[in-house]
*Asks:* 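Could you have a look at this structure, given as structure tokens, before my questions?
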There are 2 protein chains.
Amino acid sequence: MSQGEPGIELDTSLGYMLKAASSALHSALEAVLSPLGMTITHYSCLELLAQRPGLSNSELARGAFVTRQSMNVLLQALERQGLVIRPARAPVGRALPTELTALGRRQLETASAAVRRVEQAMLADLDAGQQDQMRRLLTTCTAALTRPPASAT
Amino acid sequence: MSQGEPGIELDTSLGYMLKAASSALHSALEAVLSPLGMTITHYSCLELLAQRPGLSNSELARGAFVTRQSMNVLLQALERQGLVIRPARAPVGRALPTELTALGRRQLETASAAVRRVEQAMLADLDAGQQDQMRRLLTTCTAALTRPPASAT
DNA sequence: TGACTCATGTCAGAAGTCTGACATACGGTG
DNA sequence: CACCGTATGTCAGACTTCTGACATGAGTCA
């Protein structure tokens with residue numbers, strides 16, 4: 001492999017390592033949530049609503065990193081199951097503020113505990129300082145990627 | 001929100017921030033790859049083959065973080081398009097060693113340059129030391145998540 | 001040798017998410 | 001006021017990936 005310039009060194013590529021970590025987290029979450037009959041997006045939606053009651057479909061979608069169309073499908077299912085409620089008419093604009101029901105809150109409790117355990121397992125080998133460092137690094141990367149591509153002028 | 005213990009503080013949850021960063025990377029990659037007519041998994045497969053020629057379907061799947069069934073679907077398409085080749089019969093066992101064709105290598109070149117630019121943009125605000133720190137942190141997290149759940153004995 | 005275990009390749013069906021499209025509601029500007 | 005751009009909710013169809021299942025080949029061990 002002493003070629004001129006391989007596209008990206010997989011073993012040291014931070015993009016690849018970020019994907020690897022995220023994938024591992026995804027699998028671990030799926031492993032604990034699927035026995036509860038929930039998907040990760042399903043859980044994310046409930047958790048978002050618990051912390052920020054009244055979020056709209058579009059806001060939930062952004063918070064769970066899916067399109068608003070996908071979130072809409074999910075919300076309709078959650079509504080049918082009685083886990084969330086939305087007003088029939090928008091109080092202002094078109095946004096429908098969503099709320100957790102008691103049943104939704106109860107289902108979230110179990111899931112949230114499981115997710116917390118996964119996160120703690122992930123961070124088991126990092127002290128508080130390292131965790132803080134990681135927060136800063138991830139924030140910086142996310143910001144850099146979100147930032148407009150810097151036109152070539 | 002002065003409840004006892006909300007499931008997870010979204011703004012400081014490393015799990016959530018990891019997902020956010022990964023999602024931002026995913027979007028940025030999609031933005032540069034889709035004009036080239038490639039998906040991220042499509043690119044990942046080609047990149048893996050460039051660096052590790054002869055990988056089997058299952059090995060590619062693990063490297064691209066998808067199931068071997070998904071990778072199989074993709075490989076058949078790539079084979080039809082003449083980007084990769086696989087022997088008709090396995091030289092040993094069942095594993096079919098896959099190779100990049102000249103066409104595949106050429107397509108990869110363009111994509112790889114674009115991906116490299118995205119990764120550099122992501123890391124624009126981090127010096128070498130911080131990037132190294134980030135590698136260590138991500139590796140530690142991935143290892144902790146992959147590690148067996150530590151039975152409760 | 002025969003039985004068992006494990007990894008692999010592949011097919012089929014199901015589930016989740018995405019893109020495209022349309023209608024509605026708010027805000028700014030002529 | 002009328003127009004336009006933006007944001008939202010929603011429906012429909014397509015795509016990607018997943019889970020489930022089966023058969024093949026290699027290695028281990030009695």
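Per chain, numbering begins at 1; letters A, B, ... match sequence-line order. Keep in mind it's a predicted model, so treat the numbers as computed, not measured.
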*Asks:* OP1, OP2 of D/dT8 versus side-chain N and O of A/R86: anything below 4.0 Å?
*Replies:*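 The answer is no; no side-chain N or O of A/R86 sits under 4.0 Å from OP1 or OP2.
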
*Asks:* Measure from CG on B/N57 to C1' on D/dG25 and round the result to the nearest Å.
*Replies:*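 It works out to 16 Å between those atoms.
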
*Asks:* Quick one: which of B/Q130, B/R136, B/Q131 gives a side-chain hydrogen bond (donor to acceptor under 3.5 Å, both in side chains) with B/Q133?
*Replies:* B/R136

*Asks:* Between the side chains of B/R147 and A/D125, is the shortest nitrogen-to-carboxylate-oxygen separation below 4.0 Å, so that they form an ion pair?
*Replies:* yes

*Asks:* From NZ of A/K19 over to P of D/dT17, roughly how many Å is that when rounded to an integer?
*Replies:* 9 Å

*Asks:* Looking only at side-chain N and O atoms, does A/T139 offer a donor or acceptor that is under 3.5 Å from a partner on A/T142?
*Replies:* no

*Asks:* Do A/H42 and A/Q107 have a side chain donor and acceptor closer than 3.5 Å?
*Replies:* yes

*Asks:* Are A/R62 and D/dT8 close enough that a side-chain N or O sits under 4.0 Å from OP1 or OP2?
*Replies:* yes

*Asks:* Measure from CZ on A/R89 to C1' on D/dT8 and round the result to the nearest Å.
*Replies:* 14 Å

*Asks:* Does B/S70 reach a base, just sugar-phosphate, or nothing at all? Heavy atoms under 4.0 Å.
*Replies:*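 Touches a base.
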
*Asks:* In whole angstrom, what separates A/L75's CG from C/dG16's P?
*Replies:*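 Going from CG in A/L75 over to P in C/dG16 covers 14 Å.
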
*Asks:* Do the side-chain N or O atoms of A/T67 get closer than 4.0 angstrom to the phosphate oxygens (OP1, OP2) of C/dT19?
*Replies:*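 No, because none of the side-chain N or O atoms of A/T67 sits under 4.0 Å from OP1 or OP2 of C/dT19.
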
*Asks:* Whole Å only: how far is the NE2 atom of A/H42 from the P atom of C/dA15?
*Replies:* 16 Å

*Asks:* If only side-chain N and O atoms of B/R94 are considered, is one of them under 4.0 Å from the OP1 or OP2 phosphate oxygen of D/dG27?
*Replies:*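 Answer no for this pair, as no side-chain N or O of B/R94 is under 4.0 Å from OP1 or OP2.
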
*Asks:* In terms of the nearest nucleotide of DNA chain D, which residue is placed more toward the 5' end: A/E30 or A/R68?
*Replies:*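 Closer to the 5' end of DNA chain D: A/R68.
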
*Asks:* Under 4.0 Å between any heavy atoms, over every strand shown, what does B/L96 touch: base, sugar-phosphate, or nothing? Just pick one.
*Replies:* sugar-phosphate

*Asks:* Checking A/S27 side chain against A/S23 main chain: does a donor-acceptor pair fall under 3.5 Å?
*Replies:* yes

*Asks:* Whole Å only: how far is the CE atom of A/M71 from the P atom of D/dA7?
*Replies:* 19 Å

*Asks:* Quick one: A/M38 CE to C/dG16 P, roughly how many Å, whole number?
*Replies:* 12 Å

*Asks:* It should be established whether B/T39 places a side-chain nitrogen or oxygen under 4.0 Å from OP1 or OP2 of nucleotide D/dC15.
*Replies:* no

*Asks:* Looking at B/N72, does any N or O in its side chain come under 4.0 Å of the phosphate oxygens OP1/OP2 on C/dT10?
*Replies:*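 Yes, because at least one side-chain N or O of B/N72 sits under 4.0 Å from OP1 or OP2 of C/dT10.
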
*Asks:* Between the base of C/dG20 and the side chain of A/Q69, is there any donor-acceptor pair under 3.5 Å?
*Replies:*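 For A/Q69, whose side chain was compared with the base of C/dG20, there is a donor-acceptor pair (under 3.5 Å).
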
*Asks:* I need the CD-C1' distance between B/E59 and C/dG9, as an integer number of Å.
*Replies:* 13 Å

*Asks:* Mapping B/Q76 and A/V73 to their closest nucleotides on DNA chain C, which lands nearer the 5' end?
*Replies:* B/Q76

